[in-house]
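Beneath this line is the structure, given in structure tokens, with notes to follow.
We use all heavy atoms of the structure for the numbers below, so side chains are in, but hydrogens, waters and symmetry mates are not.
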Amino acid sequence: LEEVPPVLGGGLASRLEVFDLSHNYDLEVTEKGLAILGSLPALRRLVLSDSCRRPVPRQAVCRVLPVLCELEVRGLE
């Protein structure tokens, strides 16, 4: 996760409530990605895969998510 997709630009990212990245098996959450996740105030549910190329740092992700956001990590489907 390096950047917010263009479709979410122009302020729409601030209203994003569900962000499902569970089918992105090449996902790599970097420090920049953590900052992006932390800048999504309306986020209520983040879905990641535990089958991605590099393990998602669950504690680091939870630390930056909004208080009411639920983190779901799915296995290989």
Is L48 linked to V64 within one hydrophobic cluster, defined over Ile, Leu, Val, Met, Phe, Trp and Tyr using a side-chain heavy-atom separation of less than 4.5 Å?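 The answer is yes; both residues are in one hydrophobic cluster.
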Hey, are the side chains of L34 and E31 touching, using non-hydrogen atoms and a 4.5 Å cut-off? yes
Side-chain contact test, heavy atoms from C-beta onward, threshold under 4.5 Å: evaluate it for V18 versus E72 and give yes or no.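 SC-SC contact between V18 and E72 ruled out.
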For [X] and [Y], which heavy atoms make the closest approach, and how far apart are they?
X   : Y   : answer
S49 : S22 : CB-O, 3.2 Å
C69 : R45 : SG-N, 3.7 Å
L43 : F19 : CD1-CB, 3.8 Å

Reported [atom1]-to-[atom2] distance for the pair [X] and [Y], which is rounded to 0.5 angstrom:
X   : Y   : atom1 : atom2 : result
L21 : L37 : CG    : CG    : 7.5 Å
L65 : R44 : CG    : CZ    : 11.0 Å
R15 : L40 : CZ    : CG    : 13.0 Å

